[in-house]
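Before any comments, here is the structure.
Note that ligands are numbered from 1 as they come in the structure, with each ligand's atoms numbered from 1 the same way. Residues: numbered from 1 along the sequence shown. What you see below is based on every heavy atom in this structure, not just the backbone, and it leaves out hydrogens, waters and symmetry mates. Note that the coordinates shown come from a computational prediction; the quantities given were computed from them, not determined experimentally.
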Amino acid sequence: MATVYTVPKLTDYSPASFETATRDLLSALESESSAIHGDTDWKIFRDRWMARKDGMVTQINDLWLKAAPKEAKREAGQRVNELKGKIAASVESVRQRIQGGRTASRLTSDSVDITLPGVRRPVGVEHPVIRTRNELVSVFRNLGYSVSEGPEIESDYYNFEALNFPPNHPARDTQDTLFIAGQDKKPPRERLLLRTHTSPVQIRTMERLKPPLRIVIPGKVYRNDPPDASHSPMFHQIEGLAVDTNITFGDLKGTLDHAMKAMFGSNVKTQFRPSFFPFTEPSAEMMVSCFICGGGGKRGAEPCRPCKTTGWIEILGCGMVDPNVFEFVKHNGYDPKKVSGFAFGMGIDRVAILKYGVDDIQLFFQGDVRFLQQFA
Ligand SMILES: [Zn+2]
């Protein structure tokens, strides 16, 4: 068993005697320092060698220098100073090894062998719904429309009332709309719900900006629908609104016909059929000729499913803004006697489904990389 080193008294102060004592001390310093592996060890080691009271440095000072006879003092002083320096350096280098160890080993493990081939990181792409949204937005941006957005949690006022929904309209029922719980004490128009369409942003924008106005409104909307292949409680809409003096149904038809050609190809045709929405009058459904079968209703010998063999796909709802809607924002320059406008809205997910031939809307929201990779 190794004995613990202690500083010996010197019997004489000859160079030979100093040599031996110095060698023994340095060898003890060396072997003790190399056995240290932690912070606690290091503090004990530091105190054993450096402590003012009784540390090794103090001891060599007392036993080798102070005790030296006058004629040996000079020699002893040099030797002791040299040793103090070596002891201090050793204590410091052990500290660096222990406390800086983490950094040093990190540097080693993080170091890069630049001769190895690089790690290829997979590059992400736009989700098909987002890509479709961006395409639709850019079609209208090119026509001078700007983008407007609004909250997904809306009040009954913006979602229904200001859009001319009568008080007992079935859409206001909890069967169709997801209301925020615990609002029974609030007046009906202040009750909060998850917006069922992007149309509330029409009112919000008209409250903020005076006419003329040309905006598209993309965003998420919510309905109380159980999920199936063609329904999702959350889906995406894009909606447009143009207000100016002398806007006519002809402007609506021309704009939307152009937009469909920009989106699906210059060969597509459009057709309008009468419909009803509370916030437009007159209202229409717009059909676009099937861009999958080219309007023939067949793909080879097979019936074309997306258009149900009719050659037409119902793509959006539209109409002239109902004057009753303008009444709600009349104070901001939307006098129904002076301005007119048209509005339209469509499901972005539905367009993406048609465009990419996807047969289940749920696939868009399940986050399955195997599905999404097909669009990379
Ligand atoms: Zn078709």
Side-chain angles (χ1 to χ4, degrees), residues 125-140 142-143 197-198 216 218 221 223 225-240 249-250 252-277 280 282-319 342-366 368 370-376:
V125 292
E126 283 173 325
H127 188 281
V129 171
I130 300 304
R131 188 189 296 177
T132 306
R133 180 199 69 188
N134 291 348
E135 284 169 8
L136 286 164
V137 166
S138 83
V139 163
F140 287 97
N142 290 341
L143 290 170
H197 46 189
T198 43
V216 279
V221 300
R223 304 259 173 104
D225 281 330
D228 63 25
S230 49
H231 294 85
S232 164
M234 182 283 297
F235 57 101
H236 299 80
Q237 273 192 346
I238 185 165
E239 168 136 354
F249 204 88
L252 180 158
K253 289 178 80 173
T255 302
L256 293 181
D257 185 75
H258 169 87
M260 293 303 111
K261 285 179 163 64
M263 191 68 192
F264 301 114
S266 55
N267 291 328
V268 299
K269 296 185 182 69
T270 51
Q271 139 179 192
F272 293 79
R273 293 180 185 174
S275 185
F276 174 80
F277 303 107
T280 47
S283 304
E285 296 277 1
M286 190 180 78
M287 320 287 287
V288 60
S289 61
C290 181
F291 43 85
I292 292 148
C293 65
K298 280 189 174 174
R299 301 167 80 180
E302 295 291 305
C304 179
R305 280 203 304 153
C307 68
K308 303 186 185 85
T309 74
T310 63
W312 292 93
I313 291 171
E314 194 183 302
I315 196 93
L316 59 75
C318 56
F342 65 81
F344 57 89
M346 69 185 111
I348 298 174
D349 319 84
R350 193 170 132 66
V351 174
I353 280 175
L354 293 166
K355 214 178 143 168
Y356 296 111
V358 174
D359 55 12
D360 186 346
I361 191 174
Q362 301 302 324
L363 289 166
F364 285 143
F365 309 127
Q366 287 164 347
D368 188 330
R370 290 167 301 179
F371 167 73
L372 297 170
Q373 264 174 345
Q374 300 173 76
F375 306 96

* Result of checking Met260, Glu285, Met263 against Ile315 for side chain to side chain contact (heavy atoms under 4.5 Å, CB included) -> Met260
* Is there side-chain contact between Glu314 and Arg350, with at least one heavy-atom pair below 4.5 Å? -> yes
* Asked: Heavy-atom count around Lys261 NZ within 6.0 Å, excluding the residue itself: above 12?
  -> yes
* To do: Give the intermediate values and the outcome of salt bridge (Lys or Arg N to Asp or Glu O under 4.0 Å) for residues Arg370 and Asp368.
  => CA-CA 5 Å; Arg370 290 167 301 179; Asp368 188 330; 2.8 Å; yes
* **Under 2.8 Å from the Zn ion (ligand 1) - protein N/O/S, by chain and number** => Cys290 SG, Cys293 SG, Cys304 SG, Cys307 SG
Would you give me the side-chain donor-acceptor pairs under 3.5 Å for residues 296-304, sequence neighbours excluded?
none

* Between Phe364 and Phe375, does a ring-ring contact (aromatic ring centres under 6.0 Å, His included) hold up when you go through it step by step? -> CA-CA 11 Å; Phe364 285 143; Phe375 306 96; 7.0 Å; no
